[in-house]
Protein chains: 2
Amino acid sequence: MDDAHTVIWNRPERAAKGPAPSRTRAEITAAAIAIADAEGIDALSMRRVAKELGTGTASLYRYLASKDDLLDLMLDAVAAEDGGPPAPTGDWRGDLRTLAYRSRATIHRHPWMTSLAAGRPSLGPNSLDATEHALAALDPLGFDIDVMITVVDTLHAFVRGYAIGELAQQEAVRRSGVGNQEWMDAHAPYLDKVVKAGRHPLLARVIRDAELPHAADSAERGFELGLERLLDGWEANLPVRP
Amino acid sequence: MDDAHTVIWNRPERAAKGPAPSRTRAEITAAAIAIADAEGIDALSMRRVAKELGTGTASLYRYLASKDDLLDLMLDAVAAEDGGPPAPTGDWRGDLRTLAYRSRATIHRHPWMTSLAAGRPSLGPNSLDATEHALAALDPLGFDIDVMITVVDTLHAFVRGYAIGELAQQEAVRRSGVGNQEWMDAHAPYLDKVVKAGRHPLLARVIRDAELPHAADSAERGFELGLERLLDGWEANLPVRP
DNA sequence: CATTACTGCGAACACTGTACCCGAGTAGAG
DNA sequence: CTCTACTCGGGTACAGTGTTCGCAGTAATG
C-alpha cells in the first residue's frame with residue numbers, strides 16, 4: 001500500500017511524467033476559502049469550487065483525494081495568511097496576548113474555521129509553525145516542556161472556545177436570514193417568559209441589570225477579561241528560577 | 001406573520017384540533033442522539049431517523065420545521081441528561097471544577113456536540129438551567145454581575161475549546177477508519193521530516209522529550225492543569241468584601 | 001517514435017434535505 | 001349524531017451533494 005500519499009502534506013504537487021497540471025493546490029484552496037468566507041461553509045461544494053475556477057468538477061480530484069483534504073488545506077492556508085506569527089519580544093504576557101488576539105482575528109475573518117476544526121487536527125506546516133512560535137514565547141520562562149504544552153493548549157482552547165461562542169450568535173443570524181434585531185425580537189418573548197417564570201433569578205438579573213451584553217464591544221471586553229485571568233493564573237505559578 | 005412558532009421552544013407539541021400525533025418530539029430527538037452517538041454526526045440523516053422510528057421520512061416534518069431544529073433539540077436534550085447541575089456547596093472552586101468536568105464528560109459522551117455548537121447558540125430551557133447554576137456557584141463571591149458573565153463564558157469557552165481539541169484527534173481516527181496506532185504511523189514519517197528539517201526546535205523537543213503526549217491520561221492531565229490555572233486567575237482577582 | 005503515465009472532464013451513482021400532495025382519520029361545532 | 005374543518009402520515013419528486021468511471025488527449029521517457 002502507498003502509505004506516503006495517505007497524508008496530504010506528503011503528496012507531491014506535480015507528477016513525474018505526463019502533462020503539467022493546469023491548476024495548483026494553492027489556487028484551489030484559495031478559491032475554496034473565498035467561497036466559504038463570502039457565502040458560508042454550507043455553500044462550499046466541489047461543484048461550486050470548480051465553477052469558480054472554470055474547470056470540471058471531476059478535475060479537482062486530480063489534486064485532492066477528497067473534500068476532507070481540501071478542508072485540511074484550507075485550515076492550514078489560513079494559519080499562514082498574515083505572514084506567520086511575530087517573533088518573541090521577551091515580554092511573555094504581551095507575546096501570548098498578541099498571539100491570542102491574532103488567532104481570534106483570524107477566526108473572525110474566517111468563521112467557517114470553527115466548524116471545521118471540530119473534526120480535524122491540523123498538522124499542516126503552517127499550523128506547526130504557529131505552535132512553534134507560541135512555544136518560543138514561553139521558552140524563556142523556564143517551564144517544564146510538558147507544562148509548556150499545556151499552556152499553549154489551554155490558550156488555544158480558550159481562544160477557540162470563546163470565538164465559537166461569539167460566532168454561534170452571528171451564524172444563527174446569518175443562517176436564518178433575519179437581521180440581528182429581528183432575531184432578538186423573535187427570542188425576546190420567549191426569554192421574557194423564562195424571566196417571569198422565576199426559576200432563573202440570576203439569569204433574570206443578567207437580562208435586567210447587566211450592561212455588558214448590551215455594549216457594542218461586549219465580546220471584545222469579555223475576551224480581554226477572560227484572557228487576562230488566564231495569564232494571571234500562569235503568572236501566579238511561574239517556576240522558581242535557579 | 002406567525003412569529004411565535006419561529007422559535008422551536010415555543011412550538012406546541014400537539015395541535016388544538018385533529019388527530020393525536022403518534023410520535024413525540026422527545027422520541028425523535030432521542031433516536032437522533034442514539035444514531036449520532038453510535039455512528040457519528042455524518043450518519044445522521046432524516047431518512048435514517050425515520051427508519052429507526054419505523055416511520056416515513058416526510059412525517060418527521062410534522063414535528064420539526066427543519067433538520068436544524070432537530071439539531072437544536074438534540075443539543076438541549078443533552079444539556080439535561082444528567083439530571084441538571086448539582087447545587088452550589090459554598091466551595092466555589094470545587095463547584096466550578098465540578099461543572100467543568102461534568103461539561104467535559106457530556107461532550108465526551110456525545111462527540112458530535114462540538115461540531116454542532118459551532119453554528120448554534122443554545123437557548124433551550126435546559127441550557128438556560130445550566131447557565132443559571134453556574135452563576136449560582138459564583139454568586140457568593142460578590143463579583144459584579146457583568147464579571148460573573150465573563151467568568152461563566154470563559155469557563156465554557158475553555159471546556160468547549162479543549163474538548164474540541166481532544167475530539168478532533170479521535171474523530172479523525174474514527175472518520176478515516178484506521179486505528180489510533182495506524183494513524184500515528186501514517187503521520188510519523190511526516191513529523192520526522194519536520195523535526196529533521198530543524199526549523200522547529202521546540203516542537204522537536206516536544207516530540208523527543210515530552211512525556212505528557214505519550215501518557216495514557218494526557219488529555220485528562222492537560223485539562224486539569226489548564227482548569228486550575230484558570231481558577232487561579234480568578235482567585236487572584238477576587239473582589240474586596242465590604 | 002512508440003510507450004507510458006499522467007491530465008481534464010462528461011456522465012452516472014448513491015446519497016442528501018425537504019416541498020408537495022394525497023387519502024385517511026379525528027375533534028369540536030351545530 | 002352529522003358535518004366540516006383540520007391535522008396526520010407518508011409516497012413521490014426535485015434539486016443538490018461527494019465521488020467514481022472511463023475515455024480522449026498530452027507530455028516526457030527510452
Side-chain angles (χ1 to χ4, degrees), chain A residues 2 5-6 8 11-25 27-29 31-32 35-36 39-74 112 115-116 119-120 175-177, chain B residues 2 5-6 8 11-25 27-29 31-32 35-36 39-74 112 115-116 119-120 175-177:
Chain A
D2 191 1
H5 290 195
T6 52
I8 178 82
R11 248 169 65 160
E13 184 78 49
R14 198 187 181 315
K17 291 188 175 182
S22 44
R23 236 87 36 182
T24 66
R25 257 193 297 227
E27 238 177 302
I28 297 173
T29 307
I35 294 170
E39 302 165 47
I41 194 65
D42 287 343
L44 182 75
S45 71
M46 298 304 265
R47 279 178 241 266
R48 186 81 177 67
V49 173
K51 188 167 291 178
E52 208 72 17
L53 286 149
T55 175
T57 311
S59 310
L60 297 178
Y61 286 87
R62 295 275 161 205
Y63 302 85
L64 314 158
S66 67
K67 187 185 185 182
D68 277 0
D69 269 7
L70 176 56
L71 301 180
D72 282 340
L73 287 171
M74 289 170 69
W112 44 266
S115 2
L116 253 57
R120 209 171 314 279
R175 222 182 264 244
S176 61
Chain B
D2 191 1
H5 291 195
T6 52
I8 179 81
R11 246 169 67 161
E13 183 77 53
R14 198 188 182 313
K17 291 188 175 184
S22 45
R23 236 101 19 196
T24 66
R25 259 193 298 226
E27 240 177 300
I28 297 174
T29 307
I35 294 169
E39 302 166 46
I41 194 65
D42 287 343
L44 183 75
S45 72
M46 298 304 264
R47 279 176 241 267
R48 185 80 177 69
V49 173
K51 188 167 290 178
E52 207 72 17
L53 286 151
T55 175
T57 310
S59 309
L60 296 178
Y61 286 88
R62 295 272 159 204
Y63 302 85
L64 315 157
S66 68
K67 188 185 185 181
D68 276 0
D69 269 8
L70 176 56
L71 301 181
D72 282 340
L73 287 171
M74 289 170 68
W112 44 267
S115 1
L116 283 189
R120 211 170 311 277
R175 223 181 263 243
S176 61

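Only a predicted model underlies this, so the values are computations on that prediction, with no experimental measurement involved.
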- Message: Can you identify which nucleotide, out of dT18(C), dG10(D), dG10(C), has its nearest atom closest to the Met46(B) side chain?
- Response: dT18(C)
- Item | dC9(C) OP1/OP2 closer than 4.0 Å to side-chain N/O of Ser59(A) | yes
- Derivation and outcome, side chain to side chain contact (heavy atoms under 4.5 Å, CB included), residues Leu64(A) and Leu73(A): CA-CA 10 Å; Leu64(A) 314 158; Leu73(A) 287 171; 3.4 Å; yes
- Item | Euclidean distance, atom CG of residue Leu60(B) to atom C1' of dG10(D) [Å, nearest integer] | 10 Å
- Think Thr55(A) has a side-chain N or O under 4.0 angstrom from the OP1 or OP2 of dC9(C)? yes
- Assign each of Arg62(A) and Lys67(A) the nucleotide of DNA chain D bearing its closest heavy atom; nearer the 5' end lies the nucleotide of Lys67(A)
- Item | Residues in side-chain hydrogen bond (donor to acceptor under 3.5 Å, both in side chains) contact with Arg48(B), at least two apart in sequence or another chain | Glu39(B), Glu52(B)
- Item | Base dG18(D) paired with Arg47(A) side chain (donor-acceptor, <3.5 Å) | yes
- Message: Mind checking if Thr57(B) touches a base, just sugar-phosphate, or nothing, with heavy atoms under 4.0 Å?
- Response: base
- Below 4.0 angstrom from OP1 or OP2 of dT16(C), is there any side-chain N or O of Ser45(B)? yes
- If you look at every strand shown and take non-hydrogen atoms under 4.0 Å, does Leu44(A) touch a base, only sugar-phosphate, or nothing? sugar-phosphate
- Note on the structure: When rounded to the nearest 0.5 Å, the distance separating CG of Leu71(B) from CH2 of Trp112(B) is 8.5 Å
Quiz: residues 55-62 of chain A side-chain donor-acceptor pairs under 3.5 angstrom, not counting sequence neighbours:
| unit_1 | atom_1 | unit_2 | atom_2 | d |
| --- | --- | --- | --- | --- |
| Ser59(A) | OG | Gly56(A) | O | 3.3 |

- Query: Which of these nucleotides, dG10(D), dA11(C), dT19(D), is closest to any side-chain atom of Arg23(B)?
  - Reply: dG10(D)
- Item | Distance in angstrom units between Asp42(A) CG and dT18(C) P, rounded | 11 Å
- Looking only at side-chain atoms of Ser66(B), point me to the closest of dA11(C), dG11(D), dT18(C). dT18(C)
- Item | Distance test, side-chain N/O of Tyr63(A) to OP1/OP2 of dG8(C), below 4.0 Å | yes
